[in-house]
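Only one structure is covered here, and it is reproduced in the block below.
In what follows, chains are A, B, ... by sequence order, proteins preceding strands, each numbered from 1.
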Protein chains: 2
Amino acid sequence: MKEKVTIYDIAKALNITAATVSRALNNNPKISEATKTLVMETAKKMNYEQNRFALALKSGKSHNVGVIVPFINRNFFSSIIRGIEEELYPKGYHVIICQTHEDAKKEEETVQNLLNAQVDGILMSVSKTTQQVRHFKKILKSNTPLVFFDRIKEMDGVSTVTINDFQGGYMATKHLIDVGCTRIAHATVDLALPIYKHRFEGYKQALEDHDIAYNDDYLITTKSDIDAGEKAIKKLLKLKNAPDAIFSASDYAALGAIQQLNVLGIKVPDDFAVVGFSNEPFTQFMELSMSTVDQSPVEMGKTAARVFLEQMKEPNLKIMKKVELSPELIVRKSSSKLTANNKQI
Amino acid sequence: MKEKVTIYDIAKALNITAATVSRALNNNPKISEATKTLVMETAKKMNYEQNRFALALKSGKSHNVGVIVPFINRNFFSSIIRGIEEELYPKGYHVIICQTHEDAKKEEETVQNLLNAQVDGILMSVSKTTQQVRHFKKILKSNTPLVFFDRIKEMDGVSTVTINDFQGGYMATKHLIDVGCTRIAHATVDLALPIYKHRFEGYKQALEDHDIAYNDDYLITTKSDIDAGEKAIKKLLKLKNAPDAIFSASDYAALGAIQQLNVLGIKVPDDFAVVGFSNEPFTQFMELSMSTVDQSPVEMGKTAARVFLEQMKEPNLKIMKKVELSPELIVRKSSSKLTANNKQI
DNA sequence: TAGATTCGTGCAATCGATTACATAATTCAG
DNA sequence: CTGAATTATGTAATCGATTGCACGAATCTA
């Protein structure tokens with residue numbers, strides 16, 4: 001139907017060469033103003049659109065960036081992607097989405113695939129099962145900017161955008177202390193992953209700063225789901241000196257905890273306070289809304305995108321930027337209790 | 001660093017021409033088996049990867065598909081995208097994500113942009129504010145397959161994947177009737193949009209089939225948020241013959257309704273039953289879990305992708321396929337009541 | 001006014017893969 | 001054993017945009 005208009009068509013129409021048209025469109029200073037405007041105008045008139053492939057083939061730049069996440073239908077990740085898309089789209093970049101399903105092998109394959117597609121950059125959150133860094137090195141070797149967000153792997157030459165998980169853990173724990181809890185448990189997911197390790201360290205530090213001894217029995221490792229949270233509560237309540245609060249590194253486990261506490265007839269927050277982590281949408285919709293730590297994922301996505309753009313501006317310079325965003329404690333009902341010493345927050 | 005290997009490199013290594021290499025790699029029957037295997041092997045040995053841009057430039061096919069949704073961080077849409085990605089990725093397609101923010105103008109711009117990027121197809125859910133179909137016609141004119149999912153616009157030459165919203169509305173309403181409700185209200189969002197219109201029609205049909213007169217006072221138009229649901233309940237309860245149940249076309253409005261009923265001390269589900277629509281994740285996490293209609297979004301995404309792939313197989317044939325998926329009623333606490341005539345479902 | 005600059009364009013190669021057409025090598029029919 | 005048919009490969013154009021180099025024309029210098 002509608003044949004694509006090329007610079008040759010414009011050239012023919014104006015009786016000049018394609019080279020001149022190209023230069024005019026690129027605002028090359030060697031072209032006279034007269035020709036420039038003339039070319040611009042006819043280009044517009046003829047509905048000219050630059051062919052991305054020809055450009056990509058010539059320049060090696062695709063104006064695409066690859067984004068790799070474990071799953072895209074997890075609020076945290078889809079919100080990050082939203083942030084990335086909003087930041088990059090106006091700059092003419094397209095965002096290519098890939099999921100790893102937390103599978104290290106699929107991650108490697110995906111990376112290879114995106115490199116082959118010659119994306120201009122890769123923004124990603126590392127899969128839980130990833131051990132190797134070979135594929136990341138390949139990215140760097142191919143001179144493609146690489147930005148990790150949230151789940152990172154410490155590597156030379158890679159920029160990272162994270163939230164301060166230590167601070168998040170600290171805030172959550174301190175808040176529980178502030179509302180009068182003294183026997184605070186912590187549910188973690190996998191201490192081998194930096195994000196969880198840092199939350200745990202924040203938890204420990206908050207205890208220490210408030211002269212509460214760390215109790216190893218109060219540390220429990222769970223999966224990030226409701227079931228795991230239920231089991232964790234059952235286990236914790238069997239202790240002779242059972243806790244009166246829990247800071248869970250996962251909102252889902254926290255939800256399971258609350259549900260189980262309900263079943264057992266234990267009053268939340270009065271007899272047992274709960275704080276989660278991530279600010280999943282459901283946490284605010286629960287009847288007993290859940291206190292949690294917000295990670296501002298949209299902002300994280302935007303930041304990651306901006307870091308990428310900076311890197312693109314300085315193609316020679318190897319920038320390695322580490323941005324750390326601040327988490328925000330969101331106090332809701334599951335931990336809002338009035339005590340002798342504390343006002344409701 | 002690592003220079004890209006091209007077919008010319010392979011050709012040089014084997015002392016043949018690039019044409020032969022190309023043909024061998026494409027399994028052209030005119031090439032002898034001997035050369036084929038030889039080429040294949042050296043290609044593998046040299047880590048050859050086909051240059052997508054050269055191919056795209058030559059063929060006009062990008063092996064990219066554009067996906068346009070209002071927002072990507074809405075569970076429904078991100079799940080659809082997940083389905084699309086899972087179906088298309090193994091076939092060598094990359095998925096380019098764009099959001100419209102429900103803005104018709106941004107939608108037009110995005111379409112133009114994707115066309116310019118020469119995507120091989122566009123899968124999309126139409127923005128709420130879209131009136132014009134000019135940009136859709138442009139897609140068709142450029143001979144690019146177009147598939148609408150969920151939010152469609154009736155047009156010639158466009159394939160659609162929807163769920164049977166009528167059936168969903170019918171099932172939800174019939175279920176409420178089955179548990180003994182007789183004065184069933186309906187909260188809709190915008191009857192101008194087919195999805196909501198069909199849900200409403202299903203609602204009406206279910207009433208009619210069970211000899212319940214349709215009452216115009218029970219129809220209420222709300223936005224799709226919690227606030228709107230609260231207001232709707234307030235308004236409905238002011239009626240002299242107040243309803244005893246509501247089928248809301250939005251889970252969010254249904255949530256608002258439940259919260260407001262709680263505030264007013266009205267027992268859910270015994271005194272007032274509630275069914276939502278969409279099966280948003282939060283509906284199952286609420287203490288009083290919400291009955292709702294599931295739209296199997298991942299399946300919808302996969303189906304849309306498959307329809308696209310079929311279209312690609314028959315480039316000459318103009319296929320126009322209309323797939324309708326069945327919704328599934330999910331009964332949870334907000335409508336599970338025991339009545340004289342009904343067993344608990 | 002001759003020679004040197006500057007300015008604006010054109011020429012042609014390039015990016016990497018595909019493919020119609022040409023050609024060389026082999027096989028086959030009679 | 002010769003011409004035709006078949007098979008395997010090479011030649012060169014093409015997709016669309018960019019860009020180093022060349023070149024003619026205009027302007028300037030002394």
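- Between the base of dG10(C) and the side chain of Arg23(A) there is a donor-acceptor pair shorter than 3.5 Å.
- Spacing between atom CD of Glu49(A) and atom C1' of dA17(D) amounts to 15 Å, rounded to whole angstrom units.
- At whole-Å resolution of the value, CG in Asn51(B) and P in dT18(C) are 10 Å apart.
- Counting any heavy atom pair closer than 4.0 Å across all strands shown, Ile16(A) reaches sugar-phosphate atoms only and no base atom.
- For dA17(D), one of the phosphate oxygens OP1 or OP2 lies less than 4.0 angstrom from a side-chain nitrogen or oxygen of Tyr48(A).
- A salt bridge does not link Lys44(A) to Glu41(A): none of the charged side-chain nitrogens sits closer than 4.0 Å to a carboxylate oxygen.
- Partner of Glu107(A) under the side chain to side chain donor-acceptor pair (under 3.5 Å) criterion, out of Thr129(A), Thr130(A), Thr100(A): Thr130(A) alone.
- Within the structure, every side-chain polar atom (N or O) of Asn26(B) is placed at least 4.0 Å from both OP1 and OP2 of dA17(C).
- Note: NZ (Lys30(A)) to C1' (dT6(C)) measures 9 Å, nearest angstrom.
- Taking each heavy atom of Tyr89(B) and Thr110(A) in turn, the nearest pair found is OH-CA, 3.3 Å.
- Between the P atom of dT18(D) and the CD1 atom of Ile31(A) lies a distance of 12 Å, rounded to the nearest Å.
- Side-chain nitrogen and oxygen atoms of Ser22(A) include at least one within less than 4.0 Å of the OP1 or OP2 phosphate oxygen of dT18(D).
- The side chain of Thr17(B) approaches dT11(D) more closely than any other nucleotide in the set dT14(D), dG16(C), dT11(D).
- Residue Asn28(A) contributes atom CG, which lies 14 Å from atom C1' of dA17(D) at whole-angstrom precision.
- Tyr8(B) has its OH atom 10 Å from the P atom of dT18(C), to the nearest Å.
- Note on ring orientation: taking the six-membered ring where Trp is involved, the planes of Phe136(B) and Phe148(B) are perpendicular (angle over 60°, cut-offs 30° and 60°).
- In this structure, Ser32(B) does not reach the dA8(D) phosphate: none of its side-chain N or O atoms is under 4.0 Å from OP1 or OP2.
- Straight-line distance from the CZ atom of Phe53(B) to the C1' atom of dA17(C): 14 Å, rounded to whole Å.
- Residue contacts for Leu55(A): at a heavy-atom cut-off of 4.0 Å it reaches the sugar-phosphate backbone alone, with no base atom in range.
- The only member of Arg134(B), His135(B), Gln132(B), Lys138(B) that meets side chain to side chain donor-acceptor pair (under 3.5 Å) when paired with Glu108(B) is Arg134(B).
- In this structure, the CG atom of Asn27(A) is 16 Å from the C1' atom of dT19(D), given to the nearest Å.
- Of the listed nucleotides (dG16(D), dG10(D), dA17(C)), dA17(C) has the atom at the smallest distance from the side chain of Ile7(B).
- Neither OP1 nor OP2 of dG16(C) sits under 4.0 Å from any side-chain N or O of Thr6(B).
- If you find the closest nucleotide of DNA chain D to Glu33(B) and to Lys58(B), the one lying nearer the 5' end belongs to Glu33(B).
- Taking the ring centre of Phe308(B) as origin, the terminal cationic atom of Lys91(B) falls outside the region bounded by 6.0 Å and 45° from the ring axis.
- The phosphate of dA8(D) has neither OP1 nor OP2 within less than 4.0 Å of any side-chain N or O from Thr35(B).
- Listed nucleotides: dG16(D), dA12(D), dG10(C). Nearest to the side chain of Ala19(B): dA12(D).
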